[in-house]
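Okay, structure first, notes after.
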There are 2 protein chains.
Amino acid sequence: MPQHSVTMADVAKAAGVSRTAVSFVLNQRTDVNIPDATRERINVVARELGYRPNAAARTLASKKSAWFGLVTEIATSPFASGVIKGAQQAAWQDGRFLLIAPSDDEPGMESLAVEKLLEQQIGGLVIAASWHREITVPENAMSVPCVLVNCFDADQRFPSIVPDEVGGGYTATDILLKSGHTNIGHITLTPGIPAQTGREIGMKKALAEAGITQPASNIVAGDGTADSGFQGTRELLELPDPPTAIFCGNDRIAMGAYDAIKESGLRVGTDISIVGFDDQEILAPHLRPRLTTIALPFEEMGTAGVSLLNQMAEGAPIDNRQITIGCPPRIRSSVAVPGRR
Amino acid sequence: MPQHSVTMADVAKAAGVSRTAVSFVLNQRTDVNIPDATRERINVVARELGYRPNAAARTLASKKSAWFGLVTEIATSPFASGVIKGAQQAAWQDGRFLLIAPSDDEPGMESLAVEKLLEQQIGGLVIAASWHREITVPENAMSVPCVLVNCFDADQRFPSIVPDEVGGGYTATDILLKSGHTNIGHITLTPGIPAQTGREIGMKKALAEAGITQPASNIVAGDGTADSGFQGTRELLELPDPPTAIFCGNDRIAMGAYDAIKESGLRVGTDISIVGFDDQEILAPHLRPRLTTIALPFEEMGTAGVSLLNQMAEGAPIDNRQITIGCPPRIRSSVAVPGRR
DNA sequence: GCGCGTTACTAAATCGAATTAGCAACCAGG
DNA sequence: CCTGGTTGCTAATTCGATTTAGTAACGCGC
């Protein structure tokens, strides 16, 4: 095990060439004339000596670093891990590294995190949120190409990647319509957030296209918790003409809906169909019956963010438009043709 | 907005001093004589010029980097985010940065990830697993202080931080015993994994201390899924003398148990008490009734890992012992005094 | 046998900091 | 008024790469 600090100079000496030659060979530069025999010799010597490039030296000399920064709340969100994974993969494929910095905890943390990342000579920055919302981007983020993921800034100074909430809401509703439901309830997320407004708009769009008009009471406000799903479902079931299907603003709401339905002596799927939203990995596939839901494309958003960053880093024209990524359905067992009551 | 490449030399020139002086002042070195007036002047100039240290240059010159590496499967695990968060916080407090590399995807990825991290001149390495198990540590990890989190290597060449599964199993059982249960069922995780064996040992220890002997049939094998919880619960309920409480190997099993109990016309908590394990954030607090469970100390393990790494990096004697972190109970509403059937 | 174009490299500068060695100015003590 | 110590710095080297500008050696055509 070599005591690591084998440098290019060491390799050069051992191979009997200059360190310039070593640099050329190890970086696989083809625009320079070095015969294969020499290349081979240098490569062999490098391997034998256990040469390992020093990223700091490389960054310093080339004035460009191999990494991007990712600022996110790691805190409470299993969500974030999807974005991180997607971003990580995209970065890796381009031979880049992802420096992850936390934006939670204390206020002002975000700006500090960005500052620290900039010190590391990052070539680009992704700012990700754990839930779709508007954010204020710290000023210093301007010094480097920057992409927002699962969030956006008020005046669209940065390109952003967000889930297609409207499309998702449409899809969810469409699944129910296609199954024959014509009386569909909806329990919303916390009113006002983009996910809530988007999903509801999508639902209404689907209903409108199907030529269905429903009473306003078919939509009840929730807050994203299972409890609100439980309460909301009770309200819907007590309606004079109760819906045969419920589109729940998220999976946790759906979880509460399951309980309310079961307590009413009805069966989920058979008597009342349910569609969720988010496709939470440790939840949706484990409910009984397994929950049909709409997935949030976290990984895809992370990937798209880094890809966009790559383009920007390579000098592609910056287009501040918002890019939406589709929310695909996950068909499982909680939807059936309308039951009778 | 200054076109960033303000260097120490620029600051030095503007302040009318040498760059050595600037370096001393900005690094707050007190072992060198520079009057406060000069220090102040340099600091002001640095701020005005928007000086930002270049981490690559610093790393290169000082031969020590400001970061640690963290290798983990980001893939499927919301779990990992707890470890990342804890590690991140501990690192941040010591002014260090965390470079996160993925170990999933292709085989051999782990070793490659470590190699890449080493190129970045990391001062230490944390290898974390998403579930408690034995791993093989890539050879190249030897070149730097290394700590294992939520995993361990066969021959204990590295210090490791793992959850106290036995203690957790003991606690879970103790909660039920303290509530008056004397006939307790258990649905295990996949047989053989450390979490399964540890938790079962803890349970048996608690029963033994309470002087309780139970038939072997009170323990049924599961596999960590909600389905296995459903099946396991049915088996237990069909026993001639069915248990009044069930300790489930994890929260998903508990979720399945809830469904089985409800389908039998019994009430969770009231008729049959349930204790889970893992404290999955989007699951346990949302079940009805809210699930009493045992938490896995992911954040604490991450923190402990980085702290240990810090000590090692500062030259503290390396102690390859395994450090266990306690699993605290989360008391909610799924446990009551024994019901009658 | 001279000029020219390749081929196969090398020398040296550079990146932005950290660090070691040392120097000039000043003051105090004898 | 010379010596020695302190104060307040600076010069120069170093870290390990990248990169630009060149150059020695060789073959080839005329």
Side-chain angles (χ1 to χ4, degrees), chain A residues 2-43 45-46 49-67 95 118-123, chain B residues 2-43 45-46 49-66 95 116 118-123:
Chain A
Q3 232 358 290
H4 254 107
S5 59
V6 179
T7 75
M8 277 197 173
D10 298 327
V11 176
K13 205 183 315 163
V17 296
S18 72
R19 61 168 163 294
T20 312
V22 176
S23 173
F24 286 159
V25 170
L26 295 185
N27 288 308
Q28 316 212 53
R29 286 185 50 160
T30 47
D31 57 329
V32 77
N33 275 322
I34 294 181
D36 287 348
T38 310
R39 285 182 186 270
E40 183 59 18
R41 180 159 43 99
I42 292 177
N43 279 321
V45 170
L49 261 48
Y51 169 75
R52 178 144 57 211
N54 181 320
R58 182 198 307 248
T59 300
L60 183 56
S62 67
K63 312 203 73 174
K64 63 180 78 137
S65 86
W67 44 50
L118 289 173
E119 288 182 9
Q120 314 301 323
Q121 312 303 110
I122 52 168
Chain B
Q3 231 358 290
H4 252 107
S5 59
V6 179
T7 73
M8 277 197 172
D10 298 326
V11 175
K13 205 185 314 161
V17 296
S18 71
R19 57 169 166 292
T20 311
V22 175
S23 173
F24 285 160
V25 170
L26 296 185
N27 288 308
Q28 317 211 51
R29 286 186 50 163
T30 47
D31 57 331
V32 76
N33 275 321
I34 295 181
D36 287 349
T38 310
R39 284 183 187 269
E40 183 58 18
R41 180 159 43 100
I42 292 177
N43 278 320
V45 170
L49 260 51
Y51 170 74
R52 179 143 54 211
N54 181 319
R58 181 196 306 241
T59 301
L60 183 56
S62 69
K63 312 201 72 173
K64 62 178 79 135
S65 86
K116 284 285 171 194
L118 289 173
E119 288 182 9
Q120 314 300 323
Q121 312 303 111
I122 52 168

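These numbers come from the heavy atoms of this one structure, side chains and all, not from hydrogens, waters or symmetry mates. Here is how names work: the chains are called A, B, and so on, in the same order as the sequence lines, proteins then strands, and each is numbered from 1. Keep in mind it's a predicted model, so treat the numbers as computed, not measured.
Atom CD1 in A:Ile34 sits about 15 Å away from atom C1' in C:dT6, given to the nearest Å. One interatomic measurement links the two molecules: CG of A:Asn27 to P of D:dT20, which rounds to 13 Å at whole-angstrom precision. Whole-Å rounding puts the A:Gln121 CD to D:dA17 P distance at 18 Å. As rounded to whole Å, 21 Å separates atom P of C:dC15 from atom CD of A:Gln120. A:Met8 has its CE atom 10 Å from the P atom of D:dT19, to the nearest Å. Put simply, CZ on B:Arg58 is 8 Å from P on C:dA17, counting in whole angstrom units. Put simply, CG on A:Asn54 is 7 Å from P on D:dG16, counting in whole angstrom units. Rounded to whole Å, atom P of D:dT20 lies 17 Å from atom CZ of A:Arg19.
Between A:Ile34 and A:Ala21, the shortest heavy-atom contact is CD1-O, 4.2 Å. Residue A:Val25 comes nearest to A:Ile42 through the heavy atom pair CG2-CD1, 3.7 Å, listed as atom of the first residue, atom of the second, then distance.
Residues B:Val17 and A:Ala61 both approach DNA chain D. Their nearest nucleotides, taken by heavy-atom distance, put B:Val17 toward the 5′ side. Annotation: of the two residues near DNA chain D, B:Ser62 and B:Ala21, the 5′-most nearest-nucleotide partner is B:Ala21.
Between C:dC9 and A:Ser18, no contact under 4.0 Å exists linking OP1 or OP2 to a side-chain N or O. Taking side-chain N and O atoms only, A:Ser23 has a distance below 4.0 Å to OP1 or OP2 of D:dT18. Close to C:dG16, at under 4.0 Å from its OP1 or OP2, lies a side-chain N or O of A:Lys63. In terms of phosphate contacts, A:Lys64 brings no side-chain nitrogen or oxygen within less than 4.0 Å of OP1 or OP2 of D:dT18.
Under the side-chain hydrogen bond (donor to acceptor under 3.5 Å, both in side chains) criterion, B:Thr38 pairs with no residue, sequence neighbours left out.
With values rounded to the nearest 0.5 angstrom, A:Phe24 atom CZ is found 7.5 Å from A:Asp31 atom CG. Atoms CG and CZ, from B:Leu26 and B:Arg39 in turn, are 10.0 Å apart once rounded to the nearest 0.5 Å.
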Between N or O atoms, less than 3.5 Å apart, protein on one side and nucleotides 20-24 of chain C on the other: list the pairs.
none

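Residues A:Gln120 and A:Ser65 fail the side-chain proximity criterion, which asks for heavy atoms closer than 4.5 Å.
B:Thr7 comes within contact range of the sugar-phosphate backbone alone, with a heavy-atom separation under 4.0 Å but no base atom that close. Residue-level contact check: B:Thr38 touches the backbone only, with heavy atoms under 4.0 Å from sugar-phosphate atoms and none from bases.
No donor-acceptor distance shorter than 3.5 angstrom exists from the side chain of B:Thr59 to the backbone of A:Ala56, with no hydrogens or angles considered.
The side chain of A:Asn33 has C:dT7 as its nearest neighbour among C:dT7, D:dG16, C:dA18.
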